[in-house]
Amino acid sequence: EAKVTGGNRICLFTPKMQQRVERRYSLEADLREALAQQQLSLVFQPQLNAGGRITGSEALLRWQHPVQLNITPADFIPIAEETGLIVPIGYWVIEQACIQLKLWEKSAQTSALTLSINVSARQFYQPGFTGELIRRVQESKIDPSLLILELTESLVLEDLEDAQARMQRIRAIGIRFAMDDFGTGYSSLAYLAELPFDEVKIDQSFLRDAGDKVDAREWIIIEAIIGIANQLQMQVIAEGIEIESHYLRLLEYGCNGFQGYYFSHPLPLNEFERLLLPAYSHESVY
Ligand code: C2E
Ligand code: MG
Ligand code: MG
Ligand code: MG
């Protein structure tokens, strides 16, 4: 594709544009192989309650590319969505989540942990998604109430009626829902009351923008979201907590779920599990 610059002049790709397009296509080709080559993995970011106890985690995808370092979900999730690769990748995430919840069921330290997974629009609105998800969850014999699907508000708004119908079928077997990145899209607090969400996640941009300003306007919105969520008897998790003062203020406002680098980065499975060992929080004398 060439770019018309005005008059009759055609400006061909600049080397930089060329590079970007090539990177995009080579990533796409590599992503097609990533599942089969076992390059995808999940990391787990702890979620804590007001008492500071880990109550669950969010599973986040990582891609160990054979050559390129530091490819983030922001680089490859959009490609996965555009190409439809997010559908098989998404089923893989669901499968891994079920396997993990089943393993955690066996020990007292882990048996009550929730596991949240992210679901893309392309995946969620796929014909047959609901049935396939329910089948996999039931066959794995996990406690469905420990599995939480994170949907963004823009996903839900894409087709409100269809989303509601799908959510209701999925909720009927006990799986729960969180509204991810809340506050950034076009939906209002009023939507929250109508949709069958169990949990709201306050988008991390609020805390990022508030920074260390005590009188930042973001706090007004954060307090309002927490207030509404509490009144609707929804869990409310603040995302992107990086500093103690944010945590303390959120506690004061009645927030009951916490996630962010202040507590922990997303961790590989073994490191996450180590955080849950009693020996980690209480000095063992044995
Ligand atoms: P998200 O679901 O909103 O996930 C939270 C993101 O914030 C994660 O980025 C997490 O590492 C990051 N984060 C957590 N705490 C902090 C903090 O204190 N400060 C800052 N600055 N960031 C923090 P990550 O892992 O890069 O994932 C980015 C996005 O990619 C996710 O946003 C989600 O939309 C998408 N994603 C990740 N895994 C999956 C997946 O399995 N399926 C789908 N469909 N999307 C996924
Ligand atoms: Mg999420
Ligand atoms: Mg989020
Ligand atoms: Mg996000």
Side-chain angles (χ1 to χ4, degrees), residues 31 34-35 39-48 54 56-65 70-100 114-126 129 133 147-156 158 176-185 187 197-212 222 225 235-247 250 255 257-269 271-272:
L31 191 56
L35 252 187
Q39 293 163 2
L40 298 181
S41 62
L42 293 173
V43 286
F44 301 84
Q45 186 174 36
Q47 296 175 330
L48 293 84
I54 296 174
S57 65
E58 177 175 4
L60 295 155
L61 262 174
R62 293 294 179 264
W63 181 13
Q64 182 96 50
H65 190 280
N70 307 321
I71 297 180
T72 68
D75 300 316
F76 71 87
I77 297 283
I79 299 176
E81 285 169 347
E82 282 166 40
T83 54
L85 287 168
I86 196 65
V87 175
I89 291 173
Y91 282 129
W92 180 83
V93 171
I94 291 167
E95 188 181 293
Q96 295 304 304
C98 291
I99 291 171
Q100 204 49 63
T114 59
L115 184 56
S116 299
I117 58 174
N118 294 282
V119 178
S120 289
R122 181 86 183 250
Q123 184 189 354
F124 184 76
Y125 290 112
Q126 183 80 6
F129 173 74
L133 168 74
L147 182 65
I148 300 174
L149 304 190
E150 296 194 359
L151 310 179
T152 60
E153 45 183 328
S154 65
L155 174 149
V156 171
E158 212 171 293
R176 294 191 282 164
F177 285 98
M179 186 177 266
D180 204 358
D181 305 345
F182 187 74
T184 55
S187 73
F197 281 100
D198 306 272
E199 186 178 295
V200 188
K201 300 187 76 177
I202 304 175
D203 191 69
Q204 58 188 55
S205 63
F206 291 106
L207 291 181
R208 189 187 58 221
D209 296 347
D212 54 12
I222 292 170
I225 296 174
Q235 280 279 116
V236 54
I237 296 192
E239 292 193 278
I241 302 164
E242 295 185 359
I243 54 180
E244 186 180 35
S245 64
H246 284 176
Y247 171 51
L250 288 159
C255 188
F258 307 87
Q259 187 181 341
Y261 296 166
Y262 174 65
F263 304 101
S264 171
H265 280 254
L267 301 170
L269 180 64
E271 287 177 43
F272 173 67

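We count ligands from 1, going down the list as the structure has it; atoms in each ligand are counted the same way. Heavy-atom basis, side chains included; hydrogens, waters and symmetry copies ignored. On a predicted model such as this, the values are computed, not experimentally measured, just so you know.
Every atom of ligand 1 is numbered from 1 in the order shown, and the set under 4.0 Å from a heavy atom of Ile241 is 18 (O). Atoms of ligand 1 found under 4.0 Å from any heavy atom of Glu239, numbered from 1 in the order shown, are 3 (O), 5 (C). Using a 4.0 Å cut-off to heavy atoms of Pro73, the atoms of ligand 1 that qualify are 24 (P), 25 (O), 26 (O), 27 (O), 28 (C), 30 (O). Near Gly260, meaning under 4.0 Å from one of its heavy atoms, ligand 1 places the atoms 15 (N), 18 (O). Within the listing of ligand 1, atoms 41 (O) sit less than 4.0 angstrom from a heavy atom of Val93.
Every heavy atom of Gln259 sits 4.0 Å or more from the atoms of ligand 1. A heavy-atom separation below 4.0 Å is found between Asp181 and ligand 1. For the ligand labelled ligand 1, residue Ala74 lies outside the 4.0 Å heavy-atom shell.
With Pro266 as the fixed residue, the side chain to side chain contact (heavy atoms under 4.5 Å, CB included) test singles out one of Arg62, Gln259, Glu58, Glu271: Arg62.
A donor-acceptor pair is defined here as one N or O able to donate and one able to accept, closer than 3.5 Å; no such pair exists between the side chain of Arg122 and the backbone of Val87. Side chain of Gln235 to main chain of Asp198: no donor-acceptor pair is present (N/O by atom type, distance under 3.5 Å, no hydrogens or angles).
The part of Arg62 lying near ligand 1 is the side chain, judged by heavy-atom distances below 4.0 Å. The proximity of Pro266 to ligand 1, defined as any non-hydrogen pair under 4.0 Å, is limited to the side chain. Neither the backbone nor the side chain of Lys201 has any atom closer than 4.0 Å to an atom of ligand 1 (non-hydrogen atoms only). Using a 4.0 Å cut-off between heavy atoms, Ile77 contacts ligand 1 through its side chain alone, with no backbone atom that close.
Distances from atom 7 (O) of ligand 1 to the heavy atoms of Gln45, Gln96, Gln204, Glu242 show the closest one on Gln204. Looking at Tyr261, Phe124, Tyr262 and measuring to atom 13 (N) of ligand 1, the nearest heavy atom belongs to Tyr261. Here the shortest heavy-atom distance to atom 42 (N) of ligand 1, taken over Thr152, Leu40, Ile94, Asn118, belongs to Asn118.
The aromatic rings of Tyr247 and Tyr262 sit tilted relative to each other, their planes meeting at an angle between 30° and 60°.
Between OD2 of Asp180 and OE2 of Glu58, the angle at the Mg ion (ligand 2) works out to 180°, rounded to 10 degrees.
Taking any N or O of Glu58, backbone or side chain, at least one lies under 3.5 Å from an N or O belonging to ligand 1. Ligand 1 has no N or O atom lying under 3.5 Å from any N or O atom of Glu81, backbone or side chain. Considering backbone and side-chain atoms together, Ala59 places no N or O closer than 3.5 Å to any N or O of ligand 1. Between Gln123 and ligand 1, a contact under 3.5 Å exists for no N or O pair.
The nearest pair of heavy atoms linking Ala238 to Leu250 is CB-CD1, 3.6 Å. Among all heavy-atom pairs drawn from Leu31 and Trp63, the shortest one is N-CH2, 3.6 Å.
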Might you work through the side-chain contact (heavy atoms from CB on, under 4.5 Å) test for Val119 and Leu133, ending with a clear yes or no? CA-CA 11 Å; Val119 178; Leu133 168 74; over 6 Å; no
Could you go through the side-chain contact (heavy atoms from CB on, under 4.5 Å) check for Leu155 and Tyr125 one step at a time? CA-CA 9 Å; Leu155 174 149; Tyr125 290 112; 4.1 Å; yes
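Taking backbone and side-chain atoms together, Glu239 has no N/O/S atom less than 2.8 Å away from the Mg ion (ligand 2). For the Mg ion (ligand 2), the N/O/S atoms of Asn118 include one lying under 2.8 Å. Between the Mg ion (ligand 2) and Asp181 there is no N/O/S contact shorter than 2.8 Å.
Looking at Glu150, its N, O or S atom nearest to the Mg ion (ligand 2) turns out to be OE1.
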